[in-house]
Amino acid sequence: MQIGLVVDATCDLPKHYIDQHQIQVLPISIRIGDAVFVDSRDPQQRQDFYADNRLDKGQDAESVPLDTDAFRQFFLDRIVSQYDYALVQTLPASRSPMFNNATRASHGILRDYKAVRAEAGVEGPFALRVTDSQTLFCGQAVLAAATINMIGKGMRVSDVRNRVNALIPFTSGYSVVDDLYYVQKRARKKGDKSVSWLSAKLGSTLDIKPILCARAGESFPADKVRGYPAAVEKMFAHACDCIRQGLLEPVVCVSYAGDENRIAELPGFRELKLCAKQHGVELLSTGMSLTGGVNLGPGAVNVGFISETTTFS
């Protein structure tokens with residue numbers, strides 16, 4: 001059975017990893033003012049996007065996921081003739097309609113796939129399963145990487161699904177943002193109250209940076225630290241602590257909303273890289289998705305991993 005993994009463009013995996021494992025990416029449209037960009041995790045597009053300073057907290061901006069019809073067409077065009085079973089992992093339903101759109105589209109896909117496979121000369125049935133990752137950005141990335149590892153080991157698709165579902169409650173994406181006004185404005189449109197107007201104002205005045213956590217379908221401040229460099233360093237130090245205690249899957253992902261070459265210079269990243277190497281943990285780093293940049297702002301840093309340690313140290 002040929003099993004394929006499908007993620008949306010907010011999943012912060014490096015392009016080389018996506019290509020190596022033939023992961024399919026669902027594009028997301030980004031509207032900034034009157035301009036529209038399609039986020040498909042293209043590295044050059046992302047680099048140009050951040051280099052041109054297209055993100056401005058004064059501008060109205062939003063992400064627009066595939067609707068039901070577009071999702072169905074994407075699968076019929078690109079997925080059903082390549083795979084026998086597709087595992088789809090999406091943004092949390094609490095933050096985006098992507099999961100619900102994908103679930104609704106799945107019924108039409110299962111109704112229409114036979115003609116597409118027959119025309120392509122592919123025999124046998126096709127099936128898919130849509131899963132709400134319940135986390136964001138690098139959290140999605142480590143869940144996807146864990147799934148790829150399971151597929152690579154030859155696990156049965158039912159066992160992969162069960163293992164992924166068991167990992168989801170322990171999958172976290174942590175973020176430090178450079179501008180709290182920015183993230184508060186974007187989050188308010190989605191009904192996310194993890195950063196209130198008052199905390200954004202006080203944080204800006206006192207230079208207090210929350211370390212935000214996306215886990216189990218919720219976003220909340222895990223800690224607060226004075227100064228952006230100290231907050232990033234503490235977030236990475238927490239990741240190191242969890243690595244030493246033992247991760248449920250040996251992979252950590254890091255993303256940055258800007259020039260990804262700056263990741264190596266971030267406070268605490270060198271220590272994280274060394275800790276991961278010492279404990280046999282794969283460390284993947286990449287530029288943050290355009291969707292992530294729109295919602296968290298330039299300079300945002302994200303780290304994701306899967307750990308039973310859910311309290312911030």
Side-chain angles (χ1 to χ4, degrees), residues 4-13 23-31 39-41 61-75 79 85-110 127-147 160-175 183-184 186-195 212-222 253 255 288-296 302 304-306 310:
L5 177 62
V6 183
V7 299
D8 59 58
T10 64
C11 180
D12 277 339
L13 285 170
I23 299 171
Q24 301 296 318
V25 179
L26 296 163
I28 296 178
S29 296
I30 307 296
R31 184 184 62 79
D39 185 1
S40 57
R41 297 212 59 80
E62 63 179 346
S63 55
V64 184
L66 292 178
D67 61 20
T68 300
D69 289 340
F71 186 96
R72 171 184 166 277
Q73 197 60 51
F74 180 94
F75 258 67
I79 306 299
Y85 201 108
L87 296 168
V88 187
Q89 296 173 357
T90 74
L91 280 158
S94 58
R95 294 291 298 268
S96 167
M98 177 72 85
F99 172 76
N100 291 330
N101 290 352
T103 301
R104 285 192 291 268
S106 65
H107 305 301
I109 294 166
L110 294 177
L128 76 159
R129 175 63 63 92
V130 183
T131 300
D132 181 342
S133 71
Q134 299 185 27
T135 186
L136 293 165
F137 314 132
C138 284
Q140 291 174 266
V142 291
L143 189 67
T147 304
V160 173
R161 292 202 320 260
N162 291 337
R163 176 62 175 165
V164 167
N165 289 335
L167 292 175
I168 285 175
F170 303 102
T171 305
S172 300
Y174 290 95
S175 301
V183 70
Q184 189 269 340
R186 304 293 188 240
R188 185 177 56 195
K189 294 185 68 172
K190 298 178 180 292
D192 180 359
K193 300 179 180 178
S194 56
V195 179
L212 302 174
C213 179
R215 181 174 59 240
E218 298 182 355
S219 298
F220 54 91
C253 294
S255 66
M288 189 176 292
S289 68
L290 306 190
T291 312
V294 163
N295 287 280
L296 298 180
N302 194 267
F305 50 87
I306 309 175
T310 54

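A distance of 11.0 Å separates CG in D67 from CD in Q73, rounded to the nearest 0.5 Å. From T131, atom OG1 reaches atom CD1 of I168 across 5.5 Å, with rounding to the nearest 0.5 Å. Once rounded to the nearest 0.5 Å, the distance linking CG of L26 with CZ of F75 reads 6.5 Å. We find the OG1-CZ distance between T135 and R95 to be 10.0 Å, quoted to the nearest 0.5 Å. Distance check, rounded to the nearest 0.5 Å: OG of S106 to CZ of R72 gives 12.0 Å.
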Test N295 against S63 for side-chain contact (heavy atoms from CB on, under 4.5 Å), laying out the working first. CA-CA 8 Å; N295 287 280; S63 55; 4.2 Å; yes
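The two residues T171 and G139 make their nearest non-hydrogen contact at CG2-O, 3.3 Å. Summarising the geometry of S289 relative to G292, their closest heavy-atom pair is OG-N, 2.9 Å, with the distance given to 0.1 Å. In terms of heavy-atom proximity, P92 sits nearest to D132 at CA-OD1, 3.0 Å. T68 approaches A105 most closely through the heavy-atom pair O-CB, 3.4 Å. Nearest heavy atoms, V130 versus A102: CG1-CB, 3.8 Å. Here the shortest heavy-atom pairing between V142 and G304 reads CG1-O, 3.1 Å.
Considering only heavy atoms from C-beta on, L110 comes within 4.5 Å of L128 through its side chain. Side-chain contact check for Q134 versus L143: every heavy-atom pair is 4.5 Å or farther apart. Under the 4.5 Å side-chain criterion, counting only non-hydrogen atoms from C-beta, T310 is not in contact with S172. Between R215 and Y174, the closest side-chain pair of non-hydrogen atoms falls below 4.5 Å. Counting only heavy atoms from C-beta outward, the side chains of L212 and S219 never approach each other to under 4.5 Å. Using a 4.5 Å heavy-atom cutoff, the side chains of I28 and L91 are in contact. F137 has its side chain within reach of T10: a pair of non-hydrogen atoms, C-beta onward, lies under 4.5 Å apart. Residues V88 and F71 meet the side-chain proximity criterion, which asks for heavy atoms closer than 4.5 Å.
In this structure a side-chain-to-backbone donor-acceptor pair under 3.5 Å is missing from D12 to Q140. With hydrogens and angles ignored, the 3.5 Å screen pairs no side-chain donor or acceptor of N302 with any backbone N or O of G173. One N or O on the side chain of D39 and one on the backbone of T291 form a donor-acceptor pair closer than 3.5 Å. R41 places a side-chain N or O within donor-acceptor distance of the main-chain N or O of L13, the cut-off being under 3.5 Å. Under the 3.5 Å distance criterion, the side-chain polar atoms of S133 are matched with a main-chain donor or acceptor of T90.
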